[in-house]
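Worksheet: one structure, shown below.
Quantities reported herein were computed from a predicted structural model and do not represent experimental measurements. Heavy-atom basis, side chains included; hydrogens, waters and symmetry copies ignored.
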4 protein chains.
Amino acid sequence: MTPSPKTAPDASRRSERSRRAILDAALELVGETGYQRLTIEAIAARAGVGKQTIYRWWPSKAAVLLDAFAALGEEAAAGETELPDTGDLEADLKLVLRTTVDELNSPRFDAAYRALAAESIVNPEVCAHFVERILEPQLRLYAQRLARAQQAGHIRPDIDPRTALELLTGPLTHRWLLRTLPLTHEYADAVVELTLRGLAHG
Amino acid sequence: MTPSPKTAPDASRRSERSRRAILDAALELVGETGYQRLTIEAIAARAGVGKQTIYRWWPSKAAVLLDAFAALGEEAAAGETELPDTGDLEADLKLVLRTTVDELNSPRFDAAYRALAAESIVNPEVCAHFVERILEPQLRLYAQRLARAQQAGHIRPDIDPRTALELLTGPLTHRWLLRTLPLTHEYADAVVELTLRGLAHG
Amino acid sequence: MTPSPKTAPDASRRSERSRRAILDAALELVGETGYQRLTIEAIAARAGVGKQTIYRWWPSKAAVLLDAFAALGEEAAAGETELPDTGDLEADLKLVLRTTVDELNSPRFDAAYRALAAESIVNPEVCAHFVERILEPQLRLYAQRLARAQQAGHIRPDIDPRTALELLTGPLTHRWLLRTLPLTHEYADAVVELTLRGLAHG
Amino acid sequence: MTPSPKTAPDASRRSERSRRAILDAALELVGETGYQRLTIEAIAARAGVGKQTIYRWWPSKAAVLLDAFAALGEEAAAGETELPDTGDLEADLKLVLRTTVDELNSPRFDAAYRALAAESIVNPEVCAHFVERILEPQLRLYAQRLARAQQAGHIRPDIDPRTALELLTGPLTHRWLLRTLPLTHEYADAVVELTLRGLAHG
DNA sequence: AGATAAGCGAGACGGTACGTCTGGTCTTGTT
DNA sequence: AACAAGACCAGACGTACCGTCTCGCTTATCT
């Protein structure tokens with residue numbers, strides 16, 4: 001059917017054992033040595049795997065890390081399919097942004113997250129996958145909660161939920177990326193408050 | 001005072017000609033081939049310079065690019081020491097954010113800017129220099145304008161200008177980095193309006 | 001048994017094709033540019049081979065050249081396992097020394113031979129291999145012929161064959177190395193005659 | 001008179017102090033690190049001299065070493081303008097060859113001597129200077145003594161003194177260069193005896 | 001059950017770039 | 001003008017990884 005030039009590997013025969021070992025090794029190594037110094041050879045060696053086994057299934061080290069990070073995220077967010085909705089929008093958003101802050105500050109996520117973000121900035125293809133697999137699932141939850149708040153009349157009806165969402169997460173991301181100032185719960189609270197009520201005086 | 005193990009080079013004998021050629025070559029090449037494929041060897045070759053002349057004066061390709069980009073920025077922003085202040089805060093901010101949008105969309109800046117951002121995410125040292133040399137000078141202008149608006153009573157007195165600033169630039173940066181949606185003047189306007197007035201309904 | 005710090009490469013997987021290409025390239029290049037200007041990079045480039053493939057199998061350019069020259073010698077001296085023995089010692093020795101003279105004068109051997117000799121003078125390790133692989137096999141033939149001559153009573157019984165041998169080859173080598181005077185068949189003959197009969201008058 | 005393209009330096013202004021320091025440094029370093037690792041930069045640094053001062057007066061590191069070694073030799077052989085002539089040729093030759101053996105075995109001479117020999121093998125230009133400045137003065141003494149022996153009827157009249165000389169020194173050089181066997185007084189004696197009387201039995 | 005063939009660990013291969021070292025030239029004061 | 005100092009262009013060094021390519025070996029299907 002698809003007589004591709006390089007005959008694609010038969011996924012049904014794939015070694016789950018090797019797949020896991022590679023993803024684990026990638027996460028470990030990116031935490032130990034950083035993304036720049038992360039090499040396919042090192043991943044293969046740590047995973048006890050031939051290099052070809054990596055090249056067979058992934059196009060780049062970024063792709064490996066993306067899969068590894070997605071697996072990590074799926075474990076973490078196993079049940080959380082929805083944001084809390086207590087009726088108090090401000091409280092709910094604070095809760096969630098605080099959670100995001102904690103996640104960004106967690107060393108477990110930090111290295112891999114930064115690696116993927118860095119790669120995404122510079123590599124549109126990786127960026128698309130990153131947004132689709134990692135970011136969107138998280139942001140969708142925000143968007144739903146905001147939409148409900150809009151229906152409930154707590155948010156102006158003319159506002160694009162996408163934009164609203166970016167007003168909330170953008171500042172957090174900004175501070176996380178550039179490390180200008182520490183990323184705290186207080187900051188998250190301030191962002192929620194200001195964003196909801198606006199900067200203007202009267 | 002000078003406890004350096006490898007005696008530092010004598011900056012007074014430095015070849016200005018080579019310095020310029022290196023910075024220019026770096027900018028050209030990062031635009032042509034992207035940051036990942038940018039190599040010190042290629043920069044040296046393009047600049048007609050020995051590799052050692054680069055290694056003598058810069059610790060990494062990121063540092064070269066940082067200098068190159070800083071030089072670029074200094075040319076561009078030669079006279080602009082202050083943001084416009086027409087008294088109409090919203091209009092002023094829209095004007096400036098639109099300018100920032102144009103800059104981020106300009107192909108001349110894009111490649112180098114992305115490269116430095118990517119490196120900064122992953123490399124705290126480069127990040128610090130990037131923020132200090134490139135980002136701060138720009139943000140300081142925003143901060144001054146916001147402070148004046150605060151004095152004039154257009155912005156609530158209890159707001160931290162730094163945070164206010166991040167509310168404005170964070171969303172732009174977010175969209176630029178992740179390429180989720182196009183970065184337009186309309187978006188800049190919306191960010192200004194919403195940030196000033198808040199999302200909340202009444 | 002194998003306490004090597006860097007695990008040794010698997011010789012059974014070695015590419016014969018590359019090995020030959022490297023040896024050939026080394027001989028060509030040493031002839032063209034001389035030993036001093038011979039570089040590993042140039043050998044690799046000429047042979048169409050990665051540098052690492054050379055470094056994997058040889059410790060230095062001298063070692064490459066040694067192998068190359070040994071291969072050359074083995075081709076040339078394929079069948080010659082013994083010196084001629086016509087019964088006339090003087091005639092036999094003249095024949096062989098003339099052959100040696102021709103070899104030393106041949107441009108095909110000259111460059112590589114000189115390179116190895118030069119390296120050997122200065123580098124005991126290379127010297128040992130050079131003597132063992134290249135020189136000994138040749139000298140052994142002389143030694144055998146001289147031993148037989150001794151048994152036949154043509155040479156004094158108290159003479160060390162090793163020393164006798166050096167009396168014959170030493171002068172040739174001397175003149176070849178230092179290029180003081182041309183190395184001719186006549187000279188070879190004179191050395192044989194004088195060495196056999198002595199300088200002393202009566 | 002000689003409007004050479006690169007105006008030749010004015011030798012009358014040359015710094016004797018620097019010249020000596022360079023020659024001394026060269027000898028020291030060749031003894032410490034060997035010829036291969038001897039670099040112009042290291043000589044300049046050790047001598048407390050600018051690199052250009054070396055390049056101004058010598059064409060290559062071999063030339064420096066040649067001068068250094070010549071200076072060394074001239075000190076050593078200050079008075080010895082002639083070989084001993086006791087009338088007993090064999091005894092005289094043994095004495096001289098033993099002296100040569102001692103010199104070749106002396107660590108002070110060894111490194112530099114080997115370096116120059118190695119360079120000479122591979123570099124005809126250096127070779128010519130080496131022979132002319134270092135070797136000839138020594139060999140001339142042998143040649144004179146042999147000529148006198150010939151006049152006195154102790155050596156056959158039809159023998160070329162040059163060849164005779166090479167019969168004596170060739171074997172020593174051979175053994176020294178290739179380190180096949182130790183270079184001893186006994187060996188020197190044997191070479192003299194055999195060379196004078198010949199290998200042939202009756 | 002034996003043959004066939006794919007994925008696998010291993011690692012040699014042709015390459016590219018690294019960051020360092022040295023060669024030989026040029027430049028800038030100093031003596 | 002020679003000198004000490006050392007920056008400069010050039011390019012080889014030996015190393016580290018890249019992504020591709022065989023090798024046997026182990027499995028898993030398919031005759």
Side-chain angles (χ1 to χ4, degrees), chain A residues 6-7 9-15 17-19 21 37-45 47-57 59-61, chain B residues 6-7 9-15 17-18 21 37-45 47-57 59-61, chain C residues 6-7 9-15 17-18 21 37-45 47-57 59-61, chain D residues 6-7 9-15 17-18 21 37-42 44-45 47-57 59-61:
Chain A
K6 304 255 174 172
T7 38
D10 178 349
S12 71
R13 291 190 159 218
R14 182 169 184 181
S15 160
R17 175 187 169 71
S18 294
R19 199 185 69 87
R37 268 179 286 223
L38 176 67
T39 68
I40 299 266
E41 297 219 315
I43 297 173
V49 140
K51 284 200 292 175
Q52 196 56 42
T53 301
I54 299 182
Y55 284 111
R56 185 159 25 236
W57 300 110
S60 67
K61 70 173 177 177
Chain B
K6 305 252 176 174
T7 41
D10 178 348
S12 72
R13 296 215 171 169
R14 182 166 186 183
S15 159
R17 174 187 169 71
S18 295
R37 265 177 286 218
L38 176 67
T39 68
I40 300 266
E41 295 216 314
I43 296 173
V49 140
K51 285 202 287 175
Q52 198 56 47
T53 301
I54 299 183
Y55 285 110
R56 188 165 15 240
W57 301 110
S60 66
K61 69 174 179 178
Chain C
K6 303 254 176 175
T7 41
D10 179 348
S12 72
R13 297 215 171 168
R14 183 167 184 182
S15 160
R17 175 186 170 71
S18 295
R37 265 177 286 218
L38 177 65
T39 68
I40 300 266
E41 293 216 316
I43 297 174
V49 139
K51 284 200 289 177
Q52 198 56 47
T53 301
I54 299 182
Y55 286 111
R56 188 162 19 238
W57 301 110
S60 66
K61 71 175 178 178
Chain D
K6 305 255 175 174
T7 39
D10 178 348
S12 70
R13 292 195 157 216
R14 182 168 185 181
S15 159
R17 174 186 170 70
S18 294
R37 266 179 288 221
L38 177 66
T39 67
I40 300 266
E41 298 221 313
V49 140
K51 285 201 290 176
Q52 197 56 42
T53 302
I54 300 183
Y55 285 111
R56 183 157 30 232
W57 301 109
S60 66
K61 70 175 179 179

Please enumerate all residues that pass salt bridge (Lys or Arg N to Asp or Glu O under 4.0 Å) together with K51(C), with sequence neighbours excluded.
E41(C)
Nearest-Å distance for atom pair CG/P, residues L38(B) and dT16(E):
17 Å
Length of the line joining I54(D):CD1 and dG23(E):P, which is rounded to integer Å
9 Å
How long is the line joining OH of Y55(A) and P of dG11(E), in whole Å?
16 Å
Which atoms form the tightest heavy-atom contact between L38(B) and K61(B), and what is the distance?
O-NZ, 3.0 Å
In whole Å, what is the span from the CD1 atom of I40(C) to the C1' atom of dG15(E)?
16 Å
Under 3.5 Å, N/O pairs linking protein and nucleotides 6-8 of chain F:
| residue | atom | partner | partner atom | Å |
| --- | --- | --- | --- | --- |
| dA7(F) | OP1 | D10(B) | N | 2.9 |
| dC8(F) | OP1 | S15(B) | N | 2.8 |
| dC8(F) | OP2 | R56(B) | NE | 2.9 |
| dC8(F) | OP2 | R56(B) | NH2 | 3.4 |
| dC8(F) | OP2 | W57(B) | NE1 | 2.8 |

Residues passing the side-chain hydrogen bond (donor to acceptor under 3.5 Å, both in side chains) test with S15(D), sequence neighbours excluded, are S18(D)
Going through the distances and angles, do W57(A) and R19(A) end up as a side chain to side chain contact (heavy atoms under 4.5 Å, CB included)?
CA-CA 9 Å; W57(A) 300 110; R19(A) 199 185 69 87; over 6 Å; no
In whole angstroms, the gap separating C1' of dA16(F) from NZ of K61(A) amounts to 13 Å
Contacts of A21(A) meeting side chain to side chain contact (heavy atoms under 4.5 Å, CB included) (sequence neighbours excluded), chain-then-number -> A47(A)
Quick one: list whatever passes side chain to side chain contact (heavy atoms under 4.5 Å, CB included) with R13(B), sequence neighbours left out.
D10(B)
CZ of R37(B) versus C1' of dG19(F): gap in Å, rounded?
14 Å
Round to a whole Å and report the spacing from CZ of R17(A) to P of dA28(F).
13 Å
